[in-house]
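Some notes on the structure that comes next.
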2 protein chains.
Amino acid sequence: MAEPGAGTPRERYRAQVRAEIKERAWEQIATAGASGLSLNAIAKHMGMSGPALYRYFAGRDELITALIRDAYRSLADTVRAAAEPGADVTAVAHALRAWALADPQRYFLVYGTPVPGYHAPDDVTTIASEIMATLLDGFAALPTDAPATRLDAHLEEHRQWADPHPAPPAALRRALAFWTRMHGVLSLELGGHFTGMGIDPAELFASELDDLLA
Amino acid sequence: MAEPGAGTPRERYRAQVRAEIKERAWEQIATAGASGLSLNAIAKHMGMSGPALYRYFAGRDELITALIRDAYRSLADTVRAAAEPGADVTAVAHALRAWALADPQRYFLVYGTPVPGYHAPDDVTTIASEIMATLLDGFAALPTDAPATRLDAHLEEHRQWADPHPAPPAALRRALAFWTRMHGVLSLELGGHFTGMGIDPAELFASELDDLLA
DNA sequence: AAGCTTGAGTTTGAGGCTATCACGAACGCT
DNA sequence: AGCGTTCGTGATAGCCTCAAACTCAAGCTT
């Protein structure tokens, strides 16, 4: 995004077409899910014929990988923006939920059913730890008087994932709990597992958040 | 399963072939995920030619629906078995985790990324409430001295999903929290989101369970 | 026991998809 | 202006789902 029109005209054009392909792909994913994504359909929709897209993405997998990367990036940016100085973890939680609700399939691209063979590229795990670092910032700033748990001991010895961050074990534990609990409610909500139960998922989400901060 | 060899010979044969198809389908799903399931491949693997399978399942969707139903049934049976009289919620939690780890793709067939168009048949929601009823049994038997929360009030007014069950609001709340939290840890674990972090998911799972029962 | 009915499994084929290849045409740099 | 790079095309191979027509055997009926 630095220098909007950078590079040679060819590179500009190429980047623009790639962007449009991804845009169409998102539309298709939103309505048919990731499994219903069709390069052919995207091409036709853009007025091109099938194989043309292979100039821009090596194949379906590479396109989906690019989309996953973008989704991760978008999530990390959203979380980071919500964690601006002064804001507490509650703001992050609500930003996360809003991000998920805005495009459920995008959420599931990141946290949904994994494809057995697929392995995420390295930069994605980098983004993931960026998200965790933001959470750690939030919880390290939050004092707690709860006694150390069994998990705290485990985390004290296995804290590679939080590596350069100085957060104490209790913060690590709470950040992890934040992550898993928010994800628990969100993925069930987006999966439609509460529909028909008469429950308001927002209340459940808020309750879990309260419990976490108590 | 009542009366192993029930019905006419034709029906027996039909049931047997249907069962074998589903068996092969599970193998395929375990290694390639639900999206990689191919009727054609199953047929070839069984020594038949493609379209023969359509005698037994109207199409790919119907086969997957049958698999989802079986997975739900299996989960409900597992949970119910673990909740035999005297056993507490801890046993249910560990049975749930063992069930999920035994076949991650089966777990994701139930709780994974939903296909936008797809709507589960009614009997599946029946099984889902059977599972919830078992959880409610467990938590209704568990005394708690915690004060009523905001969510308790909401649940008192929206308890259709627990309908004939006499559990108090606090039990409803804790059963829901059990469900969402266990799912939070499990789905992230099975999705491989902890790999590379150095964390033992079992510790995290146990910690969440402890916290829930404290 | 003979004949009719039912249903299993086959081949054929339409239509969709991913992906590869060779070709012509446009583009931009020198 | 010329030339190499890159884009887009059609053709093709190999998957897939699913519909239709046809063959054949097994089972029920009389």
Side-chain angles (χ1 to χ4, degrees), chain A residues 5-68 105 109 115-118, chain B residues 5-68 105 109 115-118:
Chain A
T8 73
R10 276 237 147 106
E11 280 169 345
R12 278 182 35 148
Y13 178 75
R14 187 177 176 76
Q16 191 177 326
V17 174
R18 269 183 73 107
E20 183 176 350
I21 292 173
K22 291 200 282 190
E23 207 170 313
R24 303 282 184 193
W26 279 118
E27 293 169 11
Q28 233 180 69
I29 281 184
T31 67
S35 58
L37 189 151
S38 153
L39 294 196
N40 230 320
I42 293 175
K44 259 183 206 164
H45 213 273
M46 287 176 62
M48 307 198 302
S49 233
L53 287 207
Y54 287 79
R55 296 272 177 209
Y56 301 92
F57 293 93
R60 221 184 91 107
D61 278 13
E62 196 184 286
L63 174 55
I64 290 185
T65 296
L67 296 176
I68 291 178
Q105 290 296 326
L109 218 49
V115 174
Y118 182 81
Chain B
T8 71
R10 276 234 151 106
E11 280 169 344
R12 276 183 37 150
Y13 179 75
R14 187 177 176 76
Q16 191 178 325
V17 174
R18 269 183 74 108
E20 182 176 353
I21 292 173
K22 290 200 283 189
E23 208 170 313
R24 303 280 184 194
W26 280 118
E27 293 169 10
Q28 231 180 71
I29 282 184
T31 67
S35 57
L37 190 150
S38 153
L39 293 197
N40 228 320
I42 292 174
K44 260 183 207 166
H45 213 275
M46 287 176 62
M48 306 197 301
S49 236
L53 288 206
Y54 288 78
R55 293 271 175 204
Y56 300 92
F57 293 93
R60 219 184 91 107
D61 278 14
E62 196 185 287
L63 174 56
I64 289 185
T65 296
L67 295 176
I68 291 178
Q105 290 295 327
L109 218 49
V115 175
Y118 183 80

query = Can you check whether A/I42 reaches A/L63 side chain to side chain, under 4.5 Å on heavy atoms?
reply = yes
inquiry  = Taking the side chain as everything from C-beta on, heavy atoms only, tell me whether B/L37 gets closer than 4.5 Å to B/L67.
reply    = yes
Round to a whole Å and report the spacing from [atom1] of [X] to [atom2] of [N].
X	N	atom1	atom2	answer
B/M48	C/dG7	CE	P	17 Å
A/E62	C/dT18	CD	C1'	14 Å
A/M46	D/dT9	CE	C1'	15 Å
A/R12	D/dT5	CZ	P	23 Å
A/E11	C/dC27	CD	C1'	14 Å
B/F57	C/dA8	CZ	C1'	15 Å
A/L53	D/dG8	CG	P	9 Å

[X] side chain N/O closer than 4.0 Å to the phosphate oxygens (OP1, OP2) of [N]?
X	N	value
A/R14	D/dC7	yes
B/Y13	C/dG9	yes
B/S49	C/dT11	yes

message = Strictly distance-based, threshold 3.5 Å: is any side-chain N or O of A/R18 a donor or acceptor partner for the main-chain N or O of A/F57?
response = no
request  = Could you tell me whether a side-chain N or O of A/R14 sits under 3.5 Å from a main-chain N or O of A/R55, the two making a donor and an acceptor?
outcome  = yes
query = Quick one: which of C/dC29, C/dA26, D/dT9 gets closest to the side chain of A/A52?
reply = D/dT9
Listed pairs, N/O of protein and of nucleotides 13-19 of chain D, under 3.5 Å:
unit_1, atom_1, unit_2, atom_2, d
D/dC16, OP1, B/S38, OG, 3.4
D/dT17, OP1, B/L39, N, 2.6
D/dT17, OP2, B/N40, N, 2.9
D/dC18, OP2, B/Y54, OH, 3.3
D/dC18, OP2, B/R60, N, 2.6

message = Using five pairs at each end of the helix from C/dA1-D/dT30 to C/dT30-D/dA1 to define an axis, what is the angle between those two axes, to 10°?
response = 10°
note = Ranking B/R10 and B/Y56 by the position along DNA chain C of their nearest nucleotide, the one closer to 5' is B/R10
query = Can you tell me if CD on B/E62 sees more than 12 non-hydrogen neighbours from other groups inside 6.0 Å?
reply = yes
inquiry  = Using a 6.0 Å cut-off, check whether atom CD of A/E27 has over 12 heavy atoms from anything other than its own residue.
reply    = yes
message = Please report the interatomic distance CD(A/Q105) to OG(A/S35), rounded to the nearest 0.5 Å.
response = 8.0 Å
inquiry  = If you assign B/P9 and B/R55 each to the DNA chain D nucleotide with the nearest heavy atom, which residue ends up on the more 5' nucleotide?
reply    = B/R55
ask   = Closest heavy-atom contact between B/I29 and B/A34?
value = CG1-CA, 4.0 Å
key: salt bridge (Lys or Arg N to Asp or Glu O under 4.0 Å) involving B/E20 - partner list, sequence neighbours excluded   = B/R24
